[in-house]
Amino acid sequence: RSFIRSTIDANESEYLRDMERGFQRLIDDTVKLRPLLSQLGDKVKVDMVDTIASMTSPPLAESTVDRKGSSSLLIDTGALIGSIDSEVKV
């Protein structure tokens with residue numbers, strides 16, 4: 001999906017920096033792996049929801065806007081945003 005790719009593209013350097021810092025904390029034994037990965041997953045989740053909420057292109061057809069009652073892309077019932085989650089398996 002485009003919102004996944006655009007979220008990663010826009011935040012890749014920040015995610016890499018956060019992972020580097022986190023893994024250093026892991027090496028220093030100041031954090032455990034599961035909470036570290038959960039925190040990163042939560043950050044990506046929030047960023048993906050923000051990406052979806054801010055999407056404006058391509059514009060919806062007027063018939064779609066009339067049917068939905070909104071010009072928001074990828075937001076109709078809220079099911080997509082509600083389904084975005086992160087899960088850590090270690």
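Residues Val46 and Leu40 do not share a hydrophobic cluster, defined by chaining ILVMFWY side chains whose heavy atoms lie under 4.5 Å apart. Cluster annotation: Val44 and Leu16 are assigned to the same hydrophobic cluster (Ile/Leu/Val/Met/Phe/Trp/Tyr, side-chain heavy-atom contacts under 4.5 Å, transitive).
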Inset, instruction - Start with the C-alpha distance between Tyr15 and Thr7, add both sets of side-chain angles, then the distance that settles side-chain contact (heavy atoms from CB on, under 4.5 Å), and finish with yes or no. - result: CA-CA 11 Å; Tyr15 298 153; Thr7 299; 3.6 Å; yes

Inset, instruction - Could you give me the CA-CA distance, side-chain angles and deciding distance for Arg17 and Arg21, then say whether side-chain contact (heavy atoms from CB on, under 4.5 Å) is met? - result: CA-CA 6 Å; Arg17 185 177 57 247; Arg21 290 177 183 159; 3.2 Å; yes

Inset, instruction - List the steps and the verdict of side-chain contact (heavy atoms from CB on, under 4.5 Å) for Thr64 and Arg67. - result: CA-CA 5 Å; Thr64 304; Arg67 180 182 53 79; 3.8 Å; yes

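Smallest separation of non-hydrogen atoms from Leu26 and Leu33: CD1-N, 3.6 Å. Taking all atoms of both residues into account, the shortest heavy-atom contact from Gly41 to Ser86 is C-OG, 3.5 Å. Annotation for Ser72 and Leu60: closest pair O-CD1, 3.6 Å, computed over non-hydrogen atoms.
Remark: Lys89 NZ to Arg34 CZ distance equals 10.5 Å, nearest 0.5 Å. Asp85 CG to Asp42 CG: the interatomic distance, rounded to the nearest 0.5 Å, is 8.0 Å. Taking CD1 of Ile84 as the start and NZ of Lys45 as the end, the distance is 8.5 Å to the nearest 0.5 Å. Annotation: the span from Thr51 atom OG1 to Phe3 atom CZ amounts to 9.0 Å, rounded to 0.5 Å. Expressed to the nearest 0.5 Å, how far CE of Met48 lies from CD1 of Ile81 amounts to 12.5 Å.
The number of heavy-atom neighbours closer than 6.0 Å to CD of Gln39, taken from other residues, nucleotides and ligands shown, is 12 or below. The environment of Lys68 atom NZ is dense: over 12 non-hydrogen atoms of other residues, nucleotides or ligands sit within 6.0 angstrom.
Judged by distance alone, the side chain of Ser71 and the main-chain N or O of Val65 form no donor-acceptor pair under 3.5 Å.
Two residues are said to be in side-chain contact when any heavy atoms from C-beta on lie closer than 4.5 Å; Met55 and Ser2 meet this criterion.
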